[in-house]
Amino acid sequence: MTEQELQRRESLSKLREMGIDPYPAEMYEVTAFAQDIVTQYQEEILEDGAKNRLNFQSVSLAGRIMANREAGKALFLNLQDSSGRIQLYLRRDDFMQGEEAPLFDIAIKKLLDLGDYVGVKGFAFKTKTGEVSVHVQEFQFLAKSLRPLPVVKKDAEGNIYDAFTDPEQRYRMRYVDLTVNTGFRDIFIKRTKLIKTMRAYLDELGLLEVETPILQPIHGGAAARPFKTHHNTLDMTLYLRIANELYLKRLIVAGFDGVYEFAKMFRNEGMDRTHNPEFTALEFYVAYKDYNWMMDVTEQMLERVARAIHANGESTAEVGGNVINFAGPYRRLTMFDAIQEYTGINVETADESELRDYCKKEHIEIDNSMGKAKLIDEIFGEKVEKHLIQPTFLIDYPVEMSPLTKKHRSKPGLVERFELFVNGKEVANAYSELNDPIDQRERFEDQLRLAARGDEEAMAMDEDFIRALEYGMPPTAGIGFGIDRLAMMFTGQTSIQEVLFFPQMRPEVAE
RNA sequence: GAUCUCGUAGCUCAGUCGGUAGAGCACUUGACUUUUAAUCAAGGAGUCAUGGGUUCGAGUCCCAUCGAGAUCACCA
């Protein structure tokens with residue numbers, strides 16, 4: 001233990017010796033928040049020069065002590081609660097009556113540490129330097145802090161000193177990060193607002209919020225490697241879901257007109273600043289609709305989210321120097337037109353060898369197993385994706401890449417699918433859902449052939465899902481959003497770790 | 001997975017050419033009854049990420065390992 005930790009444990013036992021409980025069980029009544037007092041406190045100067053205080057004359061607040069300035073027999077503390085900070089003013093005279101005398105000199109002045117949770121009662125006033133403060137009349141320990149917090153200081157110009165900046169420590173000890181770097185709380189508040197706004201919108205559309213299994217015997221619905229686990233009683237292998245799509249569609253089969261789920265997904269793949277092993281997706285499916293309808297809905301929903309998140313109701317967000325406008329309508333561009341626009345290649349007429357030559361010329365990595373569809377996907381990823389800054393629907397994909405998507409109503413070889421790109425990154429994936437059970441079985445069989453050739457991410461056959469489709473699924477539009485990536489866009493963050501409270505980390509070396 | 005950078009006091013960081021470890025804040029003691037990055041005086045605090053190697057001598061040079069960040073690859 002460090003010197004400071006030992007000192008704090010010493011303070012703790014001294015408090016107990018004085019009969020003060022450092023961790024009282026009783027609830028503490030809070031009647032005011034720091035920020036409200038600071039912004040709403042008012043006083044008037046009377047004719048005789050006296051001050052007439054107009055509000056907050058009897059308040060009770062609670063929080064953490066974040067600064068301590070002793071001034072002789074007075075004491076100035078900064079108290080931080082969920083709303084912000086306020087200065088506390090304590091005078092020994094207020095605590096000197098009779099047997100309470102030691103409380104001030106010993107318990108408060110000596111045994112109070114930065115980071116302690118306390119409750120105070122008193123009245124608001126303005127110090128002679130003009131700071132709204134609380135003159136404390138009653139003081140109580142609520143929870144002793146045994147470890148020193150990083151002390152971040154700010155001067156009058158707003159310059160920050162000794163900020164707690166080490167990303168490793170910030171992510172490992174988010175409780176410390178959010179205590180001393182309170183500005184980061186706003187990211188998470190906005191993240192929640194994003195989800196609540198989407199939920200409200202979907203509820204208005206009349207969709208039903210549902211929950212589907214996280215532990216799945218067959219990992220379907222996406223192309224990704226799963227986490228594998230084992231159920232002891234059933235003695236069977238289960239997978240943490242990589243997607244919930246096939247379950248949500250079973251519910252459309254069941255007769256719900258629309259269902260949605262905010263779902264944690266788990267993918268056993270690399271980690272970087274846009275990938276965490278577990279992440280959140282919103283998926284929703286609506287019967288009797290198609291992907292054109294879904295594009296309209298997406299525009300409306302994202303515009304509403306943008307306006308809800310920004311205090312001024314703006315529909316724009318700034319990410320990495322780009323100002324992105326989420327007000328619809330968004331550009332709708334076919335994948336083939338997009339490639340034509342950014343590379344000059346006519347994918348429709350080009351054959352596989354032409355595409356191969358282009359990739360070699362442009363140093364795009366390919367291998368011999370790739371067919372035309374895969375080559376198109378590679379070219380798109382290398383040459384087009386990064387240009388799609390403003391929200392853009394990329395539509396009509398080759399059928400080979402989309403085993404769960406309905407064939408295009410008029411374009412042979414394509415499917416009715418779109419992905420939404422914002423700031424050069426994919427944030428949503430949607431399609432007119434494949435509801436022809438015979439076609440679906442053939443698509444799964446194609447996937448099995450890919451798996452046999454060594455494609456680790458090919459989908460497995462899901463006989464029960466086929467059975468569900470055989471009973472009949474109405475024409476349906478479905479979509480999945482990457483909530484973490486959306487949260488990044490709406491909060492201007494470039495790392496997924498900044499929008500997750502507890503990003504995955506390698507194990508810490510024991511203290 | 002590859003490459004590069006980083007890891008020194010609770011926090012933020014210095015540490016020269018290899019010569020037994022420094023600052024500010026925080027902490028301890030004292031002074032000060034309207035201070036506010038409070039101030040003033042004195043003091044304490046370190047397995048220099050871990051393990052090896054070179055050397056008379058390693059925070060510093062070399063190797064390995066662990067952790068983090070960035071870039072790339074992979075992955076919707």
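Predicted model, so just to flag it, every value in this text is computed and none were measured. Proteins come first, then strands; the chains are lettered A, B, ... in the order of their sequence lines, and each starts at number 1. As a basis for the values below, the full set of heavy atoms in this structure was taken, side chains included, without hydrogen atoms, waters or symmetry mates.
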Looking across every strand, which nucleic acid part, if any, lies under 4.0 Å from A/Arg225 by heavy atom: base, sugar-phosphate, or nothing?
-> nothing
So, A/Phe418 versus A/Phe393, ring centres under 6.0 angstrom or not?
-> yes
Give A/Ala222 one of three labels, base, sugar-phosphate or nothing, depending on what nucleic acid heavy atoms sit under 4.0 Å from its own.
-> nothing
Looking only at B/G67, B/U12, B/G69, the nucleotide nearest the A/Gln497 side chain is B/G69
Winner on side-chain proximity to A/Arg506, out of B/A68, B/C11, B/G44, is B/A68
In whole angstrom, give me the gap between the C1' atoms of B/A2 and B/U16.
-> 34 Å
Taking all heavy atoms of A/Glu283 and all of A/Asn244, pick out the closest pair and write down the distance.
-> CD-OD1, 3.1 Å
Spacing between A/Ile496 atom CD1 and B/C75 atom P, to the nearest angstrom | 18 Å
Ranking B/U12, B/C75, B/A73 by distance to the side chain of A/Thr165, first place goes to B/U12
What distance, rounded to whole Å, do you find between the two C1' atoms, one in B/A37 and one in B/G19?
-> 38 Å
For the side chain of A/Lys110, starting at C-beta, report the closest nucleotide among B/U12, B/C27, B/G30.
-> B/G30
Answer for the Watson-Crick or wobble partner of B/A49, both distances under 3.5 Å, is B/U65
For B/U29 and B/C13, measure between their P atoms and round to the nearest Å.
-> 29 Å
Is there a donor and acceptor pair closer than 3.5 Å between the side chain of A/Glu70 and the base of B/A38?
-> no
Pair of N/O donor and acceptor under 3.5 Å linking B/G44 base with A/Glu3 side chain | yes
Closest to the side chain of A/Tyr89, out of B/U33, B/C27, B/C11, is B/U33
Taking atom P in both B/C66 and B/U47, compute the distance separating them and give it to the nearest angstrom.
-> 23 Å
A/Phe76, nearest nucleotide to its side chain (from B/G30, B/C27, B/U35) = B/U35
Judged by nearest nucleotide, the residue sitting upstream toward the 5' end of RNA chain B, A/Leu114 or A/Arg69, is A/Leu114
Separation of the C1' atoms in B/A73 and B/U54, to the nearest angstrom = 36 Å
In Watson-Crick or G-U wobble terms, both distances under 3.5 Å, what is the partner of B/G24?
-> B/C11
For residues A/Tyr89 and A/Phe125, establish whether the separation of their ring centroids is below 6.0 Å.
-> yes
Using the six-membered ring for Trp and the full ring for Phe, Tyr or His, decide whether A/Tyr161 stacks on the six-membered base ring of B/A37 (centres under 5.5 Å, planes under 30°).
-> yes
A/Phe227 and A/Tyr239: aromatic ring centres closer than 6.0 Å?
-> no
Output field: ring centroids A/Phe326/A/Phe490 closer than 6.0 Å = yes
Where the side chain of A/Pro167 is concerned, which of B/G30, B/G69, B/A26 is the nearest nucleotide?
-> B/G69
Taking any strand in view, what nucleotide pairs with B/C40 in a Watson-Crick or G-U wobble way, both distances under 3.5 Å?
-> B/G30
What is the distance, rounded to the nearest whole Å, between atom CZ of A/Arg9 and atom P of B/U28?
-> 16 Å
Pick the C1' atom in B/A58 and in B/A21, then give their distance to the nearest Å.
-> 13 Å
Out of A/Val319, A/Thr494, A/Thr274, which residue meets the side-chain contact (heavy atoms from CB on, under 4.5 Å) rule with A/Met488?
-> A/Thr274
Select one nucleotide: of B/A70, B/A26, B/C75, the one nearest the side-chain heavy atoms of A/Val151.
-> B/A26
Are A/Tyr291 and A/Tyr431 close enough that their ring centers fall under 6.0 Å?
-> no
Going by modelled atom types, is there a donor-acceptor pair between the base of B/U35 and the side chain of A/Glu131 at under 3.5 Å?
-> no
Residue closer to the 5' end of RNA chain B, A/His135 versus A/Gly270 (nearest nucleotide) | A/His135
Across all strands shown, which nucleotide pairs with B/G57 by Watson-Crick or G-U wobble geometry, both distances under 3.5 Å?
-> none
Go through B/U12, B/U35, B/A26 for me and flag the one nearest to the A/Asp166 side chain.
-> B/U12
What distance, rounded to whole Å, do you find between the two C1' atoms, one in B/U39 and one in B/U33?
-> 15 Å
Check every strand shown and say whether A/Lys128 touches a base, only sugar-phosphate, or nothing at a heavy-atom separation below 4.0 Å.
-> base
P atoms of B/G67 and B/G10, separation to the nearest Å | 22 Å
A/Gln169 side chain near B/A68 phosphate (N/O to OP1/OP2, under 4.0 Å) = no
Assigned partner base of B/U35, Watson-Crick or wobble definition, under 3.5 Å = none
Given atom CD of A/Glu168 and atom C1' of B/A70, what is their separation to the nearest angstrom?
-> 15 Å
Which nucleotide, B/C32, B/A37, B/C11, lies nearest any side-chain atom of A/Lys153?
-> B/A37
Pairing partner (Watson-Crick or G-U wobble, both distances under 3.5 angstrom) of B/G18 = none
Base, sugar-phosphate alone, or nothing: which one does A/Phe421 contact when heavy atoms must sit under 4.0 Å apart?
-> nothing
So what does A/Asn429 touch, heavy atoms closer than 4.0 Å: a base, only the sugar-phosphate, or nothing?
-> base
Hey, do the aromatic rings of A/Tyr397 and A/Phe380 have their centres closer than 6.0 Å?
-> no
